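So the structure is just underneath, and the comments pick up after that.
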Amino acid sequence: MEPVYNPQLIEREAQAHWDRSGAARALEPQDTGTGRPKFYCLCMFPYPSGKLHMGHVRNYTIGDVISRFHRMRGFNVLQPMGWDAFGLPAENAAMANKVPPARWTYDNIATMKQQLKSLGFAIDWERELATCTPDYYRWNQWLFLRMLECGLVYRKSGVVNWDPVDRTVLANEQVIDGRGWRTGAVIEKREIPMYYMRITAFSEELLAALDTLPGWPERVKTMQANWIGKSHGVNIGFPYELAGENKVLRVFTTRADTLMGVTFCAVAPEHPLAAHAARGDAKLAAFVEECKRGSVMEADLAQMDKKGMPTGLYVTHPISGEKLEVWVGNYVLMTYGEGAVMGVPAHDERDFAFAKKYGLPIKPVIDVAGKPYSTDAWQDWYAEHGVCVNSGRYDGMDFEHSVDAIAADLKARDLGDKQVTWRLRDWGISRQRYWGTPIPIIHCATCGDVPVPDDQLPVVLPEDCVPDGSGNPLNKRQDFLACVCPSCGKPARRETDTMDTFVDSSWYYIRYACPDQSAAMVDARVKYWLPVDQYIGGIEHAILHLLYSRFWTKVMRKLELVAFDEPFAKLLTQGMVLNEIFYRKAGEGRITYYNPADVDFVNDDSGKRAGAVLRADGLPVESDGIGTMSKSKNNGVDPQDLIEQYGADTARLFMMFTSPPEQTLEWSDAGVEGSYRFLRRFWAFAHQWQTPIAAESARRKGAFDHYQFPADLAAARPRHAALRREVHAVLKQATFDIQRNQFNTVASAAMKLLNALNGSLDAAEAAASGAGAAQAALHEGMGILLRVLYPIAPHVCHALWSALGYAGELLDAPWPEVDEAALHQDEIELVLQVNGKLRGRLTVPSTATREHIESLAITHEAVQRHGEGRPVKKAIVVPGKLVNVVV
RNA sequence: GCCGGAAUGGCGGAACUGGUAGACGCGCCGGACUCAAAAUCCGGUUCCAGCAAUGGAGUGUGGGUUCGAUUCCCUCUUCCGGCACCA
């Protein structure tokens with residue numbers, strides 16, 4: 001055994017050993033022999049962006065800790081890995097470097113796979129998949145066609161960001177402040193035909209099934225429920241006459257009780273009525289055009305100034321018969337409800353602002369606890385429920401009664417009824433981009449849109465295209481475009497849109513069970529492995545990816561491809577990895593960002609940071625606060641440097657130690673040194689005590705459980721009894737913490753164990769060490785420490801386990817059991833409080849009764865002193881913890 | 001703007017169901033070793049007053065419930081994530 005910790009050597013040897021023995025291979029049920037239960041532990045697969053980033057290291061370390069822990073607990077663990085390999089960055093890289101996205105992607109996969117291996121994750125690489133291979137995406141196409149057959153896929157028009165200069169569709173992230181990222185041109189909204197997946201057919205089920213997921217974080221379930229957005233309201237029709245025809249403007253509202261306070265109606269700029277009115281009104285047409293400028297992002301729309309224009313058209317109030325003017329409002333969303341709203345300025349904040357701006361009447365119709373209403377300024381309580389006033393026959397009714405009455409009256413006039421509306425919209429999957437799954441459709445002049453027959457799947461994406469920013473290169477590929485109509489046999493044109501990459505990630509976790517199955521999308525192995533027992537990924541995926549995956553699962557279940565309802569039994573959402581952003585402003589408002597690795601801090605005497613300088617020139621740099629690691633802010637940290645300098649175990653230990661998984665993690669180099677120091681100290685300690693531990697191992701033939709300590713250990717060797725008590729107390733905590741995924745305190749438990757072992761022994765005992773309590777306690781403690789630390793830092797523990805003579809593979813050793821007998825104490829110390837304030841301590845026998853403790857407390861000197869002679873009102877005893885005397 | 005989170009020493013964080021606030025680590029201060037430095041080891045370290053014993057304050061802000069609140073409720077502030085074409 002080397003005297004000094006050498007991570008490079010240890011890690012190379014451990015990884016080679018695990019590779020040779022196939023340690024990470026998951027067993028199929030027929031091979032498990034003893035019938036170990038399965039445990040499918042899955043981390044969200046990475047986009048192959050080039051190199052691993054810290055978020056990956058964090059994600060996959062968490063997954064590996066959970067996987068290795070469950071293996072110690074006797075499970076047949078599956079931990080697979082693959083590549084979310086289609087997507088926009090590959091096209092951007094192609095534009096920058098003139099390299100085909102395929103080539104760039106496969107190169108990145110090779111690099112990142114190497115990096116993952118160097119971190120020692122117990123991944124079953126035999127199941128690796130990449131979504132950009134035809135073997136995988138053919139099943140995207142196949143299921144798309146099945147969904148088309150049963151009406152779960154359909155075609156309609158959708159809105160995209162259009163760059164009028166590059167004449168191309170842009171992704172939201174390519175639109176900056178309403179302008180194209182490359183051209184700077186003002187972006188327009190444009191409607192084009194797209195394919196949609198009917199996720200709304202499952203709205204009710206997606207919402208209700210959240211209650212069947214106790215293993216999901218509450219906050220994720222809340223976010224999904226809000227996203228699905230079920231709301232109960234009333235659909236109201238406002239009749240009008242247009243060109244001699246009787247028509248009805250439909251709106252949806254959750255506040256039908258305010259119907260008598262409607263003073264106008266507003267429609268979205270895309271609403272047919274707006275288009276109609278604009279035809280005869282140049283100013284209105286200009287306004288509608290103005291609304292069409294800018295991005296399609298909801299966040300942008302929501303933060304725009306609320307603007308509107310009257311259409312000159314009037315509708316009739318369905319109850320009062322009053323004429324109401326119809327406005328076009330830029331804040332009305334075409335995608336929600338009917339694309340039109342009734343304006344109730346008195347009781348809706350947005351309508352209030354709108355009415356004030358354009359001088360529309362405000363008519364209060366709800367009385368909230370008799371508070372006085374004033375139209376001067378909006379008050380939050382204006383939107384609260386109350387009792388109807390100024391509402392004719394509805395006066396005096398509360399929310400529920402008035403909604404019921406109004407809905408009934410509307411129904412009688414055939415102008416509305418109660419209705420449930422969802423915020424959730426169907427999933428538009430068409431992308432006007434090259435690097436994705438081709439949509440298997442053929443456009444025929446005679447037959448229309450014809451599905452590609454199954455026996456012609458997959459529609460293979462040519463891999464040698466290089467996008468240049470001028471649109472989808474597939475549109476220029478005759479060999480791709482030209483095809484024959486499967487229906488009539490005439491020449492036809494292939495669809496060039498590709499699928500949203502969320503399609504790829506919606507079912508990859510199922511394919512891991514049968515990645516080599518070429519004849520079908522899934523096979524019998526899926527039944528054994530799925531659903532995923534533990535899913536781990538970034539909190540940023542809390543809504544979209546997880547919702548689409550849940551939807552996709554329900555579709556596959558409906559098509560009888562799988563038998564489960566929900567894909568992920570338990571979910572752990574890890575926090576983002578952040579780092580400080582440093583910059584300097586040069587001339588002309590230009591900002592240069594500096595990587596934190598190149599910045600040094602200047603500290604004052606107390607160790608408080610006083611400033612920061614660039615190491616290269618020693619001059620100050622400014623801090624722009626903390627943000628997610630990104631290329632644009634140059635604040636990323638390359639884990640490769642960390643692994644090379646300190647080794648994988650240090651990288652893993654630091655990632656786990658520095659904060660609990662669900663919390664955002666702020667990067668700091670300083671803590672890395674601490675983790676490295678601990679591992680070095682650990683190694684040095686093991687080296688120092690190798691002889692007695694190995695001797696004990698030999699005596700016990702490697703056995704590391706069922707230690708026999710004399711019953712009078714506490715009396716005979718109080719120090720060893722104290723050591724055992726501490727070791728088992730820490731173990732108890734660590735066992736609890738690792739099961740609730742709080743790995744930072746598991747790491748600190750390992751540190752405490754080392755401190756305990758280190759502090760309990762001295763050289764004299766080492767010299768005297770033969771068989772005996774000292775040696776046995778040391779052997780036991782070390783065996784526990786190695787197993788507690790192993791899931792986090794497996795290489796070093798693996799090496800020490802065998803160097804110290806413990807039997808078998810640490811990989812398969814069971815997680816240690818707490819010896820409750822070791823925790824026993826004859827006397828315990830209680831905290832003594834007077835009126836809830838700490839005033840002293842009390843040592844009592846662990847068997848002391850409540851009455852005994854009370855009497856000891858009341859007569860205690862500190863209680864007498866702080867009680868100042870006042871009578872004792874009562875004493876509260878919390879067993880094993882404290883006693884509080886109230887005076 | 002809407003939805004969801006978070007806030008504790010100089011720093012990362014701990015405190016499980018309301019019961020000793022600051023575990024563990026970093027940094028800093030002091031000491032040992034060394035010609036010296038690095039590394040390592042030992043001790044100290046929430047703030048204020050005090051030689052000390054001890055006392056007071058303290059978990060983003062302001063309020064509430066309780067014998068007792070970092071923990072539960074309400075208010076506000078700041079930061080982070082998502083908002084349907086980044087993944």
Side-chain angles (χ1 to χ4, degrees), chain A residues 44 46-47 49 84 87-89 92 158 160-161 169-175 217-220 222-223 225-227 229 296-304 306 331 335 350 424-433 500-502 505 538-545 547-548 573 575-576 578 603-609 625-628 654 657-660 662-666 668-675 677-678 680-681 684 733 736-737 740 742 744-745 747-752 755 829-833 835-838 841 873-876 878 881-887:
Chain A
M44 289 181 186
Y47 179 79
S49 55
D84 189 10
L88 199 57
N92 295 340
V160 294
N161 300 303
V169 176
L170 296 184
N172 283 338
E173 77 158 4
Q174 296 173 317
V175 179
E218 244 4 93
R219 60 170 162 158
V220 174
T222 308
M223 279 192 264
N226 290 342
W227 184 264
V296 300
M297 286 165 74
E298 195 189 301
D300 289 344
L301 296 173
Q303 280 170 96
M304 283 187 317
K306 310 284 176 280
Y331 66 96
T335 48
R350 270 183 319 190
L424 183 65
R425 309 199 292 261
D426 277 338
W427 175 15
I429 59 146
S430 293
R431 297 291 178 271
Q432 297 67 44
R433 266 181 269 291
D500 182 2
T501 55
F502 275 125
S505 55
I539 182 66
E540 70 274 20
H541 295 292
I543 297 174
L544 292 179
H545 161 60
L547 193 64
Y548 291 143
T573 46
M576 311 284 296
L578 312 179
N603 290 351
D604 66 17
D605 295 343
S606 65
K608 208 185 224 175
R609 199 174 103 190
I626 308 293
T628 355
F654 171 67
F657 179 60
T658 196
S659 91
E662 305 222 305
Q663 206 160 302
T664 48
L665 186 158
E666 201 178 303
S668 145
D669 278 340
V672 178
E673 287 281 353
S675 296
R677 261 206 295 268
F678 166 70
R680 270 205 319 230
R681 223 169 46 235
Q733 186 66 48
F736 178 76
D737 287 343
R740 60 172 176 152
Q742 189 172 283
N744 54 330
T745 49
S748 68
M751 294 174 185
K752 281 183 196 174
N755 291 346
E829 191 178 66
L830 295 184
V831 160
L832 183 59
Q833 295 183 338
N835 289 342
K837 281 191 188 287
L838 177 68
R841 278 156 217 283
K873 282 190 196 146
K874 62 175 164 175
I876 294 141
V878 181
K881 292 240 159 116
L882 60 75
V883 50
N884 184 18
V885 179
V886 184
V887 297

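As the structure is a prediction and not an experimental result, all values here were calculated from the model. A, B, ... follow the sequence lines: proteins, then strands. Residue 1 opens every chain.
- Going from the C1' atom of U61(B) to that of A7(B) covers 11 Å, rounded to whole Å.
- Counting any heavy atom pair closer than 4.0 Å across all strands shown, R350(A) reaches no nucleic acid atom.
- When the side-chain nitrogen and oxygen atoms of N226(A) are compared with OP1 and OP2 of C2(B), none of them lie within a distance under 4.0 Å.
- For the P atom pair drawn from G25(B) and C72(B), the interatomic distance equals 29 Å after rounding to whole Å.
- Among the heavy atoms of the strands, none lies under 4.0 Å from P46(A).
- Between the base of U40(B) and the side chain of R680(A) there is no donor-acceptor pair shorter than 3.5 Å.
- In the set G12(B), A87(B), C67(B), G12(B) carries the atom at the smallest distance from any side-chain atom of F657(A).
- Between W427(A) and Y548(A), the angle of the ring planes stays under 30°, which puts this pair in the parallel group of the 30/60° scheme.
- Side-chain atoms of N884(A) lie closest to G68(B) of the nucleotides G27(B), G68(B), C24(B).
- Residues meeting the side-chain hydrogen bond (donor to acceptor under 3.5 Å, both in side chains) test with N92(A), sequence neighbours left out: none.
- Glycosidic conformation at G9(B) (O4'-C1'-N9-C4 for purines, O4'-C1'-N1-C2 for pyrimidines): syn, within 90° of 0.
- Taking only side-chain nitrogens and oxygens, R677(A) comes nearer than 4.0 Å to OP1 or OP2 of G27(B).
- Within 4.0 Å (heavy atoms only), Q733(A) reaches at least one base atom of the nucleic acid.
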Inset, instruction - For RNA chain B, produce a single dot-bracket line, 5' to 3'. Pairs: Watson-Crick or G-U wobble, both distances under 3.5 Å. Symbols: ( ) within strand, [ ] crossing, | other strand, . unpaired. - result: (((((((..(((......[....)))((((((.......))))))((((....))))..(.(((..]....))).))))))))....

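- For F502(A), whose side chain is taken as the heavy atoms from C-beta onward, the closest listed nucleotide among A87(B), C86(B), G25(B) is A87(B).
- As rounded to the nearest Å, C51(B) and G13(B) have P atoms that lie 37 Å from one another.
- OP1 or OP2 of A87(B) has at least one side-chain nitrogen or oxygen of T501(A) nearer than 4.0 Å.
- The side chain of L882(A) has U20(B) as its nearest neighbour among U20(B), A87(B), C24(B).
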Inset, instruction - Assign a letter to each nucleotide of nucleotides 77-84 of chain B from its 5' end: B, base within under 4.0 Å of a protein heavy atom; S, sugar-phosphate only; -, no contact. - result: ---SBSBB

